[in-house]
Amino acid sequence: MITTNGLKQVSSNKAQTSRSCSWTSTHFSIMVLVRWDQSTLVDFAQAFPTSVANIDLDGATAVSGKSDSRPACAAVVFPEHGTVMEIVVGDTPPSTTDSACARVKTIGTAVVHEVRAQHLFPGPTTTAPPTTP
């Protein structure tokens, strides 16, 4: 996915309660964020206030939402108690939010598959709680 779309890693961050990586190309950008704190769902609900649907990402149930102000979409997966994994895609205008949401599903499926293959989240995935604060 990364080499096919000409994506280049632009950041990687390790903090006390989170890890993130971002990649960008001329057409869209991706961010994968893993957090271990409660503010994740509030941040998600504020940035992506329009609920899309629960989606399947390689067998994991994810809550997805889209931005009201830009062509961006995100999904949140709960791989184990206390851990939140967020996949965010922002498309470059004139692309649409629906296009970004389609990318979230494709990229999110690949991310969840890779995380499982590396045994980073050994616990079963559960249906996510509501994202409204």
Side-chain angles (χ1 to χ4, degrees):
M1 170 65 74
I2 290 175
T3 55
T4 304
N5 290 290
L7 290 161
K8 295 186 178 14
Q9 186 170 357
V10 292
S11 71
S12 178
N13 182 19
K14 291 183 180 179
Q16 186 172 353
T17 60
S18 67
R19 304 286 185 270
S20 68
C21 284
S22 299
W23 297 266
T24 190
S25 75
T26 56
H27 302 291
F28 65 96
S29 60
I30 304 167
M31 181 176 76
V32 176
L33 173 68
V34 178
R35 290 176 72 172
W36 299 276
D37 64 41
Q38 297 302 313
S39 66
T40 302
L41 296 180
V42 173
D43 294 347
F44 178 83
Q46 290 172 346
F48 304 97
T50 304
S51 178
V52 178
N54 285 356
I55 57 175
D56 178 76
L57 302 178
D58 195 45
T61 301
V63 173
S64 63
K66 60 184 178 180
S67 170
D68 291 337
S69 60
R70 61 192 181 281
C73 192
V76 175
V77 178
F78 300 83
E80 65 184 12
H81 183 71
T83 303
V84 178
M85 183 168 58
E86 185 175 350
I87 298 101
V88 180
V89 173
D91 276 14
T92 303
S95 185
T96 65
T97 302
D98 289 339
S99 174
C101 289
R103 288 188 208 275
V104 161
K105 186 164 173 63
T106 301
I107 292 163
T109 297
V111 167
V112 170
H113 179 78
E114 185 64 28
V115 167
R116 284 187 174 150
Q118 294 179 31
H119 305 289
L120 297 175
F121 297 120
T125 342
T126 60
T127 303
T131 59
T132 54

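Side-chain atoms are counted along with the backbone in the values below, which use heavy atoms only and exclude waters and symmetry mates. All values reported here derive from a predicted model rather than from experimental measurement.
Phe44 and Ser64 make their closest contact through CZ-C, 4.2 Å (heavy atoms, listed as atom of the first residue, atom of the second, distance). Of all heavy-atom pairs between Cys101 and Val52, the closest is SG-CG2, 4.1 Å. The minimum heavy-atom distance linking Thr92 with Thr26 is given by the pair OG1-O, 3.3 Å. In terms of heavy-atom proximity, Val115 sits nearest to Met85 at CG2-SD, 3.9 Å. When all heavy atoms of Ala60 and Val77 are compared, the closest pair comes out as CB-CG1, 3.9 Å. Nearest heavy atoms, Lys66 versus Asp98: NZ-OD1, 3.9 Å.
Between Ile30 and Arg103, every side-chain heavy-atom pair lies at or beyond the 4.5 Å cut-off. Annotation: side chain of Cys73 is not in contact with side chain of Val89 (no heavy-atom distance under 4.5 Å). Using a 4.5 Å cut-off on side-chain heavy atoms (C-beta onward), Leu33 and Val88 make no contact. The closest side-chain heavy-atom distance from Asp43 to Glu86 is not below 4.5 Å.
The structure places CG of Asp91 at 11.5 Å from OG of Ser67, a figure rounded to the nearest 0.5 Å. Distance check, rounded to the nearest 0.5 Å: CG of Asp56 to OG1 of Thr109 gives 6.5 Å. Going from atom CD of Glu114 over to atom CD1 of Ile107 covers 14.0 Å, rounded to the nearest 0.5 Å. Atom SG of Cys21 sits about 8.5 Å away from atom NZ of Lys14, to the nearest 0.5 Å.
The side chain to side chain donor-acceptor pair (under 3.5 Å) test applied to Thr50 returns Asp68, not counting sequence neighbours. Residues satisfying the side chain to side chain donor-acceptor pair (under 3.5 Å) criterion with Arg19, sequence neighbours excluded, are absent altogether.
Following chains of ILVMFWY side-chain contacts shorter than 4.5 Å, one can reach Trp36 starting from Val32, so the two form part of one hydrophobic cluster.
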Practice prompt. Begin with the C-alpha distance, continue with both residues' side-chain angles, and end with the deciding distance and a verdict on side-chain contact (heavy atoms from CB on, under 4.5 Å) for Phe78 and Thr83.
Written response: CA-CA 6 Å; Phe78 300 83; Thr83 303; over 6 Å; no
